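Just so it is clear: chains get the letters A, B, ... in the order the sequence lines come, proteins before strands, and each one is counted from 1. Values in this document were obtained by computation on a predicted structure and should not be read as measured data.
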Amino acid sequence: MIQIAYLRENKSEVINRLSVKNFDATELADEILEADEQRRTLQKELDAVLSYQNQLAKEVGEFFKKGMPHEAQEAKEKSAALKETSKELGDKMAEAEKRMNDLLVRLPNMPHASVPKGKTPEDNEVVFCVKEIPTLPTNAKPHWELTTQYDIIDFELGVKITGAGFPVYKGKGARLQRALINFFLDHATATGYTEVQPPIFINEDSGFGTGQLPDKEGQMYHIGADNFYLIPTAEVPVTNIFRDVILKTEQLPQKLTAYTPCFRREAGSYGKDVRGLNRLHQFDKVEIVQITEPEKSYQTLEDMRMYVASLLEKLELPYRILKLCGGDMSFASALTYDMEVYSAAQKRWLEVSSVSNFETFQSNRLKLRYRKGNDKPQLAHTLNGSALALPRIVAALLENNQTEKGIKIPAVLVPYTGFEFIN
RNA sequence: GGAGAAAUGGCAGAGUGGUCGAUUGCGGCAGUCUUGAAAACUGUUGAACCGUGAGGUUCCUGGGGUUCGAAUCCCUAUUUCUCCGCCA
């Protein structure tokens, strides 16, 4: 959420920058500022009335103490007469404030100055790409055939138990999942991230804090009886650790990592996008999250990007890095890098990680602040990234590493899997 | 699930209707002393909103109520603790 004070001072800049995201904020900004103006006017009036009421209340006490019941009664009546006025003003102010907030949360985050303009994924900027894109023999199989051939992932069985998009991992397939999770967590902790295991249900406040609510409600699974949501990413519970928290500068940066299953309804997806492991309703992911001072967040974003790239290199997967254009970026992000691996049998790039700097957009909603010495608290920056999401990594590993002898496991994973081939 | 108790500032812990944004202790910060440090002493130390400022308003788990006035009384939700039951 953009800070209201910032919008008040820099309306045209906000509008200009949001145009990079193809968002026309002209009208919305005016409505917000109008509500803000009303709110402030009403508060001034209300404060004056309340102040007078407080004064009268004190006088009542004093009159009683001095044994002046008549005067006390008079002050009482004066104050009572004001009650309705203050109640009315209070209601109006709360209403204006709510209106302002409801509008304010609809403003996307402003993109960083370096974000390229653009509307579709084609407009994303390729900032890195491996030199050689692997080619496979013509009889090479897509991963959904390999998983059946080696009996390591059963999509049909998942359909029986739950529904489409909830696969059952079996034997070496299940072991490969566990190996990847451990590999990712071990590397994250070795890089200074603290491992946490958060709840995978979240409440409404948490969903709001990181920006999933109210806009993306339809993309999360909802537990009606308790009003919980299943997490779409560990970003939500992990970042919400810091909701309503004031950190000291010495406590920054905060670096956390978490493995969780993730749940996404993916309403509206279809076709080859959802084939096999390409898009699931439940999948595993290791996430990294950092909380930093504003001046350091872009260096941190580069660090996180390099870290994720190093994982892909260790796994010997061909990858590229995209800087997302304004039109392809998420609502809350100021700058996002997507990491994609090449899936050689499908002959397409698959997104396996998204690393973003949200600047103060989330922290403003979360009231996540930090304090330098005795200064006034100010909003921290939040960042996160997948490191990494499993299914598409598995898809690429299976397809790219298929050999006569079976699927070859990358050397770094062998200590985790305990086997060199899936055959 | 049943019965009872509780929720106060970074922490501990006072406060049962008026001068309480809240005694006190610890912790934090600044200073005095010291070559330096420790100790001791002194001062200071929550947040949000409005206001150029002086200052004003709000917040004692959340929500609602009683009252001229609520941390304090009432209702409600949540959480925690104790006992009982069930159970991984």
Side-chain angles (χ1 to χ4, degrees), chain A residues 1-9 32-105 197-209 213 223-229 237 240-252 254 291 360 362-380:
Chain A
M1 180 162 72
I2 292 174
Q3 293 163 80
I4 182 65
Y6 191 86
L7 178 65
R8 218 184 278 147
E9 305 294 316
I32 293 168
L33 291 176
E34 194 196 317
D36 176 49
E37 187 60 43
Q38 280 182 25
R39 177 190 127 253
R40 286 190 291 159
T41 308
L42 286 164
Q43 184 176 348
K44 268 183 239 173
E45 291 173 31
L46 175 65
D47 283 1
V49 176
L50 287 176
S51 178
Y52 186 49
Q53 279 182 287
N54 286 342
Q55 191 197 318
L56 286 171
K58 265 182 202 167
E59 285 173 10
V60 172
E62 279 161 21
F63 283 135
F64 272 126
K65 217 170 265 180
K66 290 183 196 155
M68 300 163 74
H70 183 69
E71 285 78 356
Q73 190 56 34
E74 256 177 31
K76 256 191 182 182
E77 278 162 21
K78 266 197 228 169
S79 180
L82 283 171
K83 239 185 153 176
E84 203 173 313
T85 313
S86 61
K87 175 128 177 52
E88 213 170 281
L89 281 170
D91 289 348
K92 273 195 200 162
M93 191 189 88
E95 192 199 308
E97 187 162 16
K98 183 176 184 320
R99 189 149 38 89
M100 181 189 81
N101 274 321
D102 287 351
L103 293 167
L104 197 56
V105 296
Q197 275 193 21
I200 61 176
F201 293 0
I202 49 144
N203 58 28
E204 258 183 292
D205 285 347
S206 294
F208 177 81
L213 294 176
I223 317 256
D226 297 290
N227 198 23
F228 293 144
Y229 294 87
N240 270 281
I241 290 173
F242 301 99
R243 172 152 48 87
D244 293 322
V245 166
I246 302 176
L247 295 160
K248 293 180 188 144
T249 320
E250 307 88 82
Q251 294 175 287
L252 296 173
Q254 285 286 329
I291 315 291
T360 59
Q362 290 182 329
S363 57
N364 191 31
R365 291 174 159 229
L366 292 160
K367 296 194 175 59
L368 159 51
R369 291 164 291 172
Y370 76 101
R371 190 202 309 273
K372 208 179 264 178
N374 285 335
D375 294 355
K376 219 171 118 86
Q378 55 175 310
L379 296 173

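- With sequence neighbours left out, the salt bridge (charged side-chain N to carboxylate O under 4.0 Å, His left out) criterion links A:D47 to no other residue.
- Note on residues 49-64 of chain A: pairs passing side chain to side chain donor-acceptor pair (under 3.5 Å), not counting sequence neighbours, are A:Q53-A:S86, A:Q55-A:E59.
- Between A:N203 atom CG and B:U78 atom P the separation is 13 Å, expressed in whole Å.
- Contacts of A:Q73 classified as side chain to side chain donor-acceptor pair (under 3.5 Å), with partners at least two apart in sequence or in another chain: A:E77.
- Shown here, B:C83 forms a base pair with B:G2; the pair counts as Watson-Crick or G-U wobble because both key distances fall under 3.5 Å.
- B:C49 sits 30 Å from B:U66 when the P atoms are compared, rounded to a whole Å.
- A straight line from CZ of A:F64 to C1' of B:U67 spans 12 Å, rounded to a whole angstrom.
- Rounded to whole Å, the C1' atom of B:C33 lies 12 Å from the corresponding atom of B:A37.
- Within the 4.0 Å cut-off from OP1 or OP2 of B:G69, at least one side-chain nitrogen or oxygen of A:K83 is found.
- B:U72 and B:G64: their P atoms are spaced 14 Å apart (whole Å).
- Listed by chain and residue number, A:D102 satisfy the salt bridge (charged side-chain N to carboxylate O under 4.0 Å, His left out) test with A:K98 (two or more places apart in sequence, or in another chain).
- B:U76 and B:A6 have their P atoms separated by 16 Å, with the value rounded to a whole Å.
- The base-pairing partner of B:U35, taking Watson-Crick or G-U wobble contacts with both distances under 3.5 Å, does not exist among the strands shown.
- Every residue two or more places apart in sequence or in another chain that forms a ring-ring contact (aromatic ring centres under 6.0 Å, His included) with A:Y229 is listed here: A:H222.
- Taking atom C1' in both B:C59 and B:U8, one finds a spacing of 12 Å when rounded to whole Å.
- Nearest heavy-atom pair across A:Q254 and A:Q251 is NE2-O, 3.0 Å.
- Rounded to whole Å, the separation between the C1' atoms of B:G62 and B:U78 comes to 7 Å.
- Among all heavy-atom pairs drawn from A:V105 and A:M1, the shortest one is CG1-SD, 3.6 Å.
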Item to check | nucleotides 43-59 of chain B: protein proximity per nucleotide (B base, S sugar-phosphate only, - neither; heavy atom, under 4.0 Å) | outcome: ----SSBSS----BSS-
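- Take the nearest nucleotide of RNA chain B for A:Q53 and for A:K87: the residue whose nucleotide is more 5' is A:K87.
- Rounded to a whole Å, the NZ atom of A:K76 is 13 Å from the C1' atom of B:U66.
- In this entry B:G43 has B:C29 as its Watson-Crick or G-U wobble partner, both defining distances falling under 3.5 Å.
- Going from the C1' atom of B:G28 to that of B:G85 covers 47 Å, rounded to whole Å.
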